[in-house]
Structures are given as structure tokens and as C-alpha cells.
Amino acid sequence: MLEFLLIAVGAGGLGWWLYKRWKGKQGLEDSSLSAALDERIKGYRGPENLKSMPAFEQMIHVIRQQASSLNRCAIFRDASRRLWQISEESDQPLMVLVMGEFSTGKSTFINTLLGADVLTTAQIPTTAVISLLSYGETPAVKLHHQDGSVTDYDFTRLGEITAEGDADKQALRDKLDYVEIRYPNEMLKKIHIVDTPGLNAHREKHTEKTVNFQDKADVVLWMFKADASGRSTELSAIKALGKRLKPIAIVNCIDNVLESDDYEEDEDPVEETLTRFRRRVGDSVQDVIGISSLLARQALASGDAKALEACGWTGFRKKLDDVLVNRSAELKIRSVREKLAEFIAQMSQVFQQYDKKHTENAKYFQNQESAEQEIHDEIENLEKIKQRLLSGMEEAASCRKEYQHTYADRGMEAIDDTAKLMDLAAKLVSQANCVVPLLEILPDDERWGSSIQDIQLMQDEQERILRDFDRWFSHYYHICDQVDDLEREENHVGELREDYENSGLFGGTPIFDFSGRRDRLNSAVEAYNTHLEKLKRDVAVHWQKYKSTCKSAISVNVDIAALEKKICRLVDDELVYEQERLVRTKNDFHLEQQRYEAEKKELDQGLQAVEVLKHAAASLEG
């Protein structure tokens, strides 16, 4: 029945409201209308005698107080506007929204309720804007514009602005929020009736305006057409209303089924139609009532009470008065309470979303120290690289200077310093070891690409020269072995010479050499000289080759030094970047902390506001 219409908070309405309101579908945040509304909400001051007021009025002021509190929180500004809207709606009579697909007789139905042809009717979609009917001593029209302004309009020309067809008025209709029609009907003192554009009329703006008006409604009457009722599109739209606005189904045009051939002679076409309809819609509606607005309008005009009862209008009006019009104040209180419960449920979902977000933020804060340490480690690594390069360049410059001043111009007499020279030259070549490790840590991108290639070339050249050093140094040891052999050979010659010079009869050189000592000495001297000449040639060749390798080492060293300078510049740039990144990271972290703390403060304020609202709603219910 109708009294249960406003019970429970619907999940469908919850999702829809979150989407429409919290995502800012209308872009209200930056509008001047919203700015003015925010100022009004923030400036609200509750009455001093609040406790002396009736309970319902107290709750309305509590709602406004909490809306004012929430409006000071950026994350709840849209929520505060919706809360304020609930409080404003509470000051109005019960709002009854008449909905349905096009050409179901909504306007005719409302005209019949009013007992006058106030709204335009036709067989095609005619209602172009939301029309709110309220009480007025004399007929009048107020145009409520989307920018918040209100202007008067000629009542006698109402059809031009509310109905389709007048293209000249389309630009004005596009700027309207709704049209308020004031009319002298006693029922309108207790309820406001809202005529909506028909759904499923292939006019997206009509559907959008109707949907945007739903959250203001307290009761929904859904108009069906008896010979085409319960379509899937209608049931889907009803489901989207949610449980709070679960509608009363008005099956209109029952006169159409009286002439139908689809029923047996012993069947009541109207009852059979309504029975089929109830099976079709199930529990998606609160109640089902069959009427014929057209026949009712004619019966009212002629004063035919029997015809009025036959078309279902008498029973409908009695039920409408009993459960809606005469209980409008009670239902209004219940509607406000249920809107508030819906709002609280939606806020609870928002709190859950922020709790989840803050859980992620906590992980971010925990990782912040490691993130900063990672940058610190990178900076330290870059500084070590730079120091290694600078030290290497300094050492290489010292080696080049020593080589030039000590060995570059010396001849093969420097063979005795080969070991020292080898060590010196090896230091020159090993300079590449300062840059080769960079291959493992430098990013392979455009900035470092050419340097990486140069390092790889230097590495190859270094390995080639070191192989040459190894080969020639091994040859040097071979020469040293030859020198040792030559020294032994020289000692042998000396022994032969001493033996020959002391082999005479009375000592000294012999007159006659019958033992062949002279020949052996001469042969030994000749062999020694031959070996000595060969050793000199080998030493000369070795020295020239070795000096050539040293010059190559010097050349490579110069190239490596130039590469080191280039990489040093890149490292300096990278250090600047990393240091700036560290500063940015710390600043971002600080800002995130500030934002988080501010958001947490607003969340606490929001939670407090919701607790106050819960208490107020519970007090009213009690």
C-alpha cells in the first residue's frame, strides 16, 4: 500500500545518486549558481530557540546546520548541497511525480485531477518541460531558469512553452529547469503535482530532465497504458527509481480494453487486464489501480456518478485522498526521513571509499623513506662515479707527464727500465677501467647512448693494447733470458781467455798452442759477438715495438680522458636532476601529508555530521 512507499533505502537509487551528484554531472562546482548557494549554506545560523520548536522543525534546522558544516569541507561540498536541498524540500508540500512513457495520458490524468484543462494534451509526445503544479489564488506561471532566476509568463500562453511544436520557444525551453504553474485547487495546498516529459520518446533531454528531478520527489505515480503496459523499458526505468520511490501503478486508458476481442464473454476485460499486469510487474510497484482519465474527465463534466465509478475514478480518488492527500504531512515527514537515511547511506559509502584510499596512502607514507633513500643512494653512487673519474683523470695525467719527461725520448738504454715503463703504460691503458663499469649502471637511452658506445670502443682498444703489452712483456723476459745466457757465455770466454793467457811453459801466453786453447777462445769470442749483435738487434726491435705500444696507450688514454670529461658533465647533469628530484619528492610528500591531514580532518568532520544526523533522525522517529 501507499504508506509503505517511502520505507527503506534502495541500492539502485544509491548508485544513481552517487554517480549523478558526486561525479558532478552538471558541473556545478564552478558555476556562479553553486557559488551563491554555497555562500547561503555557509552563512546559515540556526535559531536560538531550537529546542522549543516541534521535532520535525528541529530536525530541519539540524540538517541545515550539518549542511553548513559539510560545506566548509571541500570533499563534501556537493553532499552539503544535497543535504541543504533536502531541508528546502521539507518546507514544501508533498511532491508527487507523475512519470511514464509518452502518450500514456499523464497530462490528461493531471487535468482530470484539477478539473480543468490546464496542461496541453495530444496523442503525440507534447510535454516538453517539467511542469510543477502548486496552489495559487489565481492562475499564474513562473519560469524557473537553470541559472536560478525566476520570471513570470503569461498563463494563457502556457502551451507555447510547455508543449512541443513551437520552435520559436525551444531556445527558452532549453534554458529552463522547470515551469511552475500556480492554480486555485484545494488539493494543491497539500500536494504538489509534477508533470514530466514522457520517457522513451527518443528525446534525451526529456529523459535527462525527468531523471534530474527524481531526487526531489516524495511519491511517484507511474502511468501505464492499459493496452500496452508493463514493457521492459518501463520496468527498467521503475527499477532505477529505487525502493524509496517505488511507485503506485496507474493503468490508464482501460476504456481501450473494453472494445478488445482478446477476452472471453465471461471474462471482465478490465480485471483480466489488471491481473495480467500485476503478474507482469510483480513487486516492482506498490499498488495497481485501473482508470480511464478520458472517461473520468467526461463523467465529471456531465456529472455522471455511475460513469465516474465505472471508469475507476471514484475508487482511485478515495484511495488517493485516504492514503496520500489526507496524510500528506505524515508522508512528507517520512519522505524527508528516508531521504536523510539515503543520504547517510551514501555518505557511508563515501567514507568507505576514503578509508580504502587512506589505506593506500598509508602504504605510500611507509614507502616514502625508502623512496628517498633510493634517491640518496643514486646520488651517492653518481658522486662515487664522478670521484672515480676525476681521480682517474688526475692519475692518468700524472702518468702521461712522467712518460713524456722520462721515457719518451730515450733510446734502447731504457730497456733496463722496462718493468717500470710497463707498469706506467699499463696504468695509462687501465684508465679505461674507470669507465667500463659504467656499462652496467648507465641507462640505455638517447642521452647516454653515444657514451656507452664510446666506452665499449675504449674497452676493446684497451684489451687489444693490454694483449700487446703482455706479448711484448713476455718477449722482454725472453730477452732477459738471452742477456743471462750472454753473461754466462761472456764468463765462459773470460775463463777461456784466462786459461789461454796462463797456459805458457813458464806462465803467460804460450809460444806454441798445441792444445787448441786459442782456437777455442777465438771460437767462443766469435760466438759471443754474434749473440751480442743479435741481442742488440732484438732489443732495438723490441724497444721500438714497445714504444709504439706505449704511444698507442698514450693515445687511448687521451681519448679516455676526453670521454671521462664528457661523462663527468653528464654525471653532473644527472646529479642536478636527482637532487632536484629529491627536493620534489620531499615537497610532494610534504604536500601529500598536508592534503591527507586536511582530508582526514574533513572526514572526521563529515563523520561527526553524519552521527548528528543519525541522532536527529532517530529522535524524530522515536
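Just so you know, these numbers come straight off a predicted model, no measurement behind them.
- Val281 and Ser284 get closest at one heavy-atom pair: O-OG, 2.6 Å.
- Side chains of Asn252 and Thr104: no donor on one and acceptor on the other come within 3.5 Å.
- Results of the side chain to side chain contact (heavy atoms under 4.5 Å, CB included) test with Leu70 over Asp78, Leu83, Ile41 single out Leu83 as the only residue that passes.
- The number of heavy-atom neighbours closer than 6.0 Å to NZ of Lys601, taken from other residues, nucleotides and ligands shown, is 12 or below.
- Asn111 is linked by a side chain to side chain contact (heavy atoms under 4.5 Å, CB included) to Asp117, Val118, Leu119, Thr121, counting only residues two or more places apart in sequence or in another chain.
- A side-chain N or O of Gln85 and one of Glu89 form a donor-acceptor pair less than 3.5 Å apart.
- At a threshold of 4.5 Å between non-hydrogen side-chain atoms, the residues Leu172 and His145 count as touching.
- The shortest distance between side-chain heavy atoms of Lys190 and Tyr135 does not fall below 4.5 Å.
- Here Phe351 pairs with Phe76 under the ring pair (Phe, Tyr, Trp, His ring centres under 6.0 Å) rule; sequence neighbours left out.
- For Glu309, the CD atom counts as loosely surrounded, since its 6.0 Å shell holds 12 or fewer non-hydrogen atoms of other residues, nucleotides or ligands.
- The pair Lys600-Glu597 does not meet the salt-bridge criterion, since no charged nitrogen lies less than 4.0 angstrom from a carboxylate oxygen.
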Next on the checklist: Could you walk me through whether Asp195 and Ser131 satisfy the side chain to side chain donor-acceptor pair (under 3.5 Å) test, starting with their C-alpha distance in whole Å, then the side-chain angles of each, then the deciding distance to 0.1 Å, before giving a yes or no?
Outcome noted: CA-CA 5 Å; Asp195 185 25; Ser131 299; 5.0 Å; no
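- Residues Met99 and Pro247 fail the side-chain proximity criterion, which asks for heavy atoms closer than 4.5 Å.
- Around atom CD of Gln608, no more than 12 heavy atoms belonging to other residues, nucleotides or ligands sit under 6.0 Å away.
- Arg334 CZ to Leu331 CG: the interatomic distance, rounded to the nearest 0.5 Å, is 6.0 Å.
- A salt bridge links Asp321 to Arg317: at least one charged side-chain nitrogen sits closer than 4.0 Å to a carboxylate oxygen.
- Residues Gln594 and His590 have side chains that bring a donor and an acceptor to within less than 3.5 angstrom of each other.
- A side-chain donor-acceptor contact under 3.5 Å links Asn71 and Asp38.
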Item to check | Candidate pair Glu611 and Lys614, rule salt bridge (charged side-chain N to carboxylate O under 4.0 Å, His left out), full reasoning | outcome: CA-CA 5 Å; Glu611 289 302 317; Lys614 286 181 180 179; 3.6 Å; yes
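- A side-chain donor-acceptor contact under 3.5 Å links Arg72 and Ser68.
- To the nearest 0.5 angstrom, Ser149 atom OG is 9.0 Å from Leu176 atom CG.
- Here the CD1 atom belonging to Ile181 is positioned 10.5 Å from the CD1 atom belonging to Ile193, to the nearest 0.5 angstrom.
- One finds the CD atom of Gln214 at 5.0 Å from the CG atom of Leu241 (value rounded to the nearest 0.5 Å).
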Next on the checklist: With salt bridge (charged side-chain N to carboxylate O under 4.0 Å, His left out) as the criterion, how do Lys189 and Glu186 come out once you've worked through the C-alpha distance, each side chain's angles and the decisive distance to 0.1 Å?
Outcome noted: CA-CA 6 Å; Lys189 291 182 178 180; Glu186 288 299 313; 3.2 Å; yes
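- Surrounding CD of Glu48 are at most 12 heavy atoms belonging to other residues, nucleotides or ligands under 6.0 Å away.
- Note: Tyr178 and Phe213 have perpendicular aromatic rings, judged against thresholds of 30 and 60 degrees for the angle between ring planes.
- Ion pairing between Glu234 and Arg280 fails under the 4.0 Å rule for side-chain N and carboxylate O.
- Formation of a donor-acceptor pair under 3.5 Å by the Asp287 side chain with backbone atoms of Ile248 is not found in this model.
- A donor-acceptor contact shorter than 3.5 Å is absent between the side chain of Gln605 and the backbone of Cys73.
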Next on the checklist: I'd like to know whether Asp218 forms a salt bridge (charged side-chain N to carboxylate O under 4.0 Å, His left out) with Lys339, so could you lay out the CA-CA distance, the side-chain angles of the two residues, the decisive distance to 0.1 Å, and finally the verdict.
Outcome noted: CA-CA 9 Å; Asp218 301 309; Lys339 287 179 182 179; 3.2 Å; yes
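- In this structure, the side chains of Thr273 and Ile254 stay at 4.5 Å or more apart for every pair of heavy atoms.
- Side-chain contact, Gln170 with Asp174: a donor N or O sits under 3.5 Å from an acceptor N or O.
- Here Ala237 pairs with Leu199, Trp222 under the side chain to side chain contact (heavy atoms under 4.5 Å, CB included) rule; sequence neighbours left out.
- Taken to the nearest 0.5 Å, the CD1 atom of Ile60 stands 11.0 Å off from the CG atom of Leu50.
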